[in-house]
Amino acid sequence: MKNVRVRFCPSPTGVPHVGNIRTALFNWVWARHNNGTFIFRIEDTDIERDSEESYNLLLEALKWLNIDWDEGVEVGGPDAPYRQSERYNIYKEVVQKLLDAGFAYESFSTPDEIKQRNKENGRPEQFGYDGFDRNTTKEQKATFLKEGRKPVIRIKMPDHDITFTDLIRGKITFKAGSVPDYVIVRGNGHPLYTLVNPVDDALMGVNCVLRGEDILSSTPRQIVLYKYLKDIGVNKNEGDGVPEFGHLPYVMGEGNKKLSKRDPSSNLFLYKDEGFLPDAFTNYLALLGWAIAPDRDIFSVKELIESFDIKDVNPSSARFDYKKALAINSEHIRALKIDDLIKYTIPYLYRDKIISANNFSNLQDGEKLILQKAIPLVQERIQTLSQASSMLEFLFVNSEQLQISDDAKKQLKDDFRSIIDISYKLLENINSWDTDTLHNELFSNLVEKAGFKPKIAFTPLRVAISGKRVSPPLFESMEILGKNETLKRLLKLKEIDV
RNA sequence: GCUCCCAUCGUCUAGCGGCCUAGGACGCCGGCUUCUCAUGCCGGUAACACGGGUUCAAAUCCCGUUGGGAGUACCA
């Protein structure tokens with residue numbers, strides 16, 4: 001098998017987008033599956049919109065999902081630099097060669113003139129450029145330059161059909177004449193994406209291009225350029241120099257629209273902040289357009305890499321379903337070993353000011369102990385890591401700080417004080433303070449002897465202990481809090497106004 | 001307008017001519033378990049867009065229609 005060389009080449013604008021990152025993921029997985037090379041290049045030729053902040057967010061995004069790269073920004077490589085803003089000399093040279101070979105030409109027509117000509121010839125406005133300047137003579141050129149015109153540079157498109165085999169969609173043919181001669185360099189000398197993307201892929205020997213289907217229709221013109229680049233000797237790829245293409249289906253948002261940058265749910269960091277596990281999010285992303293088996297959809301990154309085949313990717317677009325993503329995340333959380341779950345949860349608890357440090361070893365001993373006992377209690381109850389904060393907060397405050405929610409107060413029936421009384425007297429005299437004893441004693445006294453229904457008996461205790469209507473298991477929570485604190489909380493509830 | 005892509009339950013998908021009275025997952029609705037909430041287990045709901053072919057046989061192949069989407073920039 002040939003050495004697969006794929007790349008991810010975003011332009012650093014805005015915050016990392018779920019659809020974009022899915023593209024990065026599929027490239028990365030395909031590289032790893034084939035023991036190939038994953039290149040990370042930055043396409044920052046749009047001075048207006050690109051930002052350094054956005055670049056850093058891109059790094060952070062890939063780091064979060066554990067997507068690493070073999071060549072590219074930060075790590076370097078044989079084809080450095082990997083930021084296009086640092087490669088202008090290269091492009092300048094390539095353009096000159098294309099011009100010399102007659103594959104590209106200077107075009108002096110202004111947009112208005114093109115529009116005007118289309119109108120005069122009865123062509124629709126969207127027809128685009130008409131090839132008018134292909135044969136500009138030296139004299140005409142001199143006149144134009146004297147007029148102060150600055151030409152753009154266009155690629156000469158051939159007049160035959162262009163066919164390629166898409167890895168995901170099969171054979172695709174574009175009719176001759178459907179793609180006009182397109183601009184590769186602006187009038188001000190600034191190279192455009194249309195040039196730099198194929199040029200860098202050619203120079204870096206990228207032989208497999210996996211990208212969103214939104215650029216499917218620009219593939220024919222790129223194919224032409226790859227061939228020209230091969231002819232002028234700036235294309236490392238074998239054969240005619242054209243890489244393989246695979247156009248990934250869209251990730252859709254609400255309605256039938258591509259998940260847009262404006263849609264808040266497209267922001268990758270939303271999921272990080274909510275506490276999606278990186279592997280779980282990767283799992284879900286991979287499910288958008290691909291399946292590991294007919295009857296399974298939970299898998300590890302390792303399994304993904306082993307099983308992934310770009311040819312199995314579904315060509316139709318997929319909707320991002322938050323609830324399904326949540327369900328996948330929940331399953332991953334439940335499958336975690338306790339120590340790992342603690343490790344993953346700590347940053348969120350720290351962020352929410354529940355605990356005092358950002359990693360386990362810097363925590364106070366008491367906090368460590370609580371976490372080790374409490375995390376198993378919430379493992380089956382949280383769907384995201386950040387949910388642990390609100391669920392566990394009551395274990396990290398004292399009885400004075402504990403808030404009793406209105407929702408919890410509503411659960412209290414008239415006789416709750418007597419239940420608290422009985423419980424208090426009972427618990428006061430318990431010496432072995434563990435879950436089983438607490439359960440047995442409270443159950444036999446409140447339910448069996450006093451005749452309360454379990455739900456009636458334990459609700460006031462739950463409210464007293466957790467301050468909430470819903471909490472982790474009651475007796476376990478009491479054990480973690482300890483006798484002293486538990487009794488204080490019972491007293492506190494007794495004196496509350498409802 | 002022109003070019004190109006897409007089409008199985010509400011959603012993500014399995015299916016690549018017979019194993020399909022279409023399988024799984026999420027969601028939703030019931031039930032059981034139960035100290036709340038979850039988990040777990042059991043059950044239910046629900047789809048091949050339409051019309052023509054090809055074939056002994058079509059969700060699967062071909063054509064058309066309809067519907068969705070993208071491109072048609074001196075953005076990427």
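A quick note: this is a predicted structure, and the numbers were derived from the prediction, not measured. Per chain, numbering begins at 1; letters A, B, ... match sequence-line order.
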- When you check the phosphate oxygens OP1 and OP2 of G27(B), does a side-chain N or O of K323(A) lie under 4.0 Å from one of them? no
- Any N or O donor-acceptor pair linking the side chain of R381(A) to the base of C37(B) at under 3.5 Å? yes
- Task: Examine A73(B): is either OP1 or OP2 under 4.0 Å from a nitrogen or oxygen in the side chain of R186(A)? Give yes or no.
- Result: no
- For Y284(A), answer base if it contacts any base atom (sugar-phosphate contacts may also be present), sugar-phosphate if it contacts only those atoms, and nothing otherwise; contact means non-hydrogen atoms under 4.0 Å. nothing
- Between D200(A) and R87(A), is a salt bridge (charged side-chain N to carboxylate O under 4.0 Å, His left out) present by the stated rule, with each step listed? CA-CA 9 Å; D200(A) 281 346; R87(A) 296 171 63 82; 2.8 Å; yes
- Task: Could you check whether the rings of W290(A) and F299(A) sit parallel, tilted or perpendicular, using 30° and 60° as the cut-offs?
- Result: perpendicular
- Message: Check the phosphate of G69(B) against K257(A), side-chain N and O only, distance under 4.0 Å to OP1 or OP2. Yes or no?
- Response: yes
- Item | S178(A) vs C4(B): side-chain N/O to OP1/OP2 distance below 4.0 Å | no
- Item | Presence of donor-acceptor pair under 3.5 Å, side chain of R319(A) and base of C12(B) | no
- Task: Check whether any side-chain N or O of N314(A) sits under 4.0 Å from OP1 or OP2 of A14(B), and answer yes or no.
- Result: yes
- Output yes when at least one side-chain N/O atom of R221(A) is less than 4.0 Å from OP1 or OP2 of U72(B), else no. no
- Name the nucleic acid region contacted by G177(A), choosing base, sugar-phosphate or nothing; use a 4.0 angstrom heavy-atom cut-off, strictly under. nothing
- Donor/acceptor link under 3.5 angstrom from K324(A) side chain onto base of A25(B): yes
- According to the interplanar angle, ranging from 0 to 90°, do the rings of F308(A) and W30(A) count as parallel (below 30°), tilted (30 to 60°) or perpendicular (above 60°)? perpendicular
- Please work out whether the ring planes of F164(A) and F245(A) are parallel, tilted or perpendicular, with thresholds of 30° and 60°. perpendicular
- Would you classify S11(A) as touching base, sugar-phosphate or nothing, given that sugar-phosphate means primed atoms plus P, OP1 and OP2, and contacts are heavy atoms under 4.0 Å? sugar-phosphate
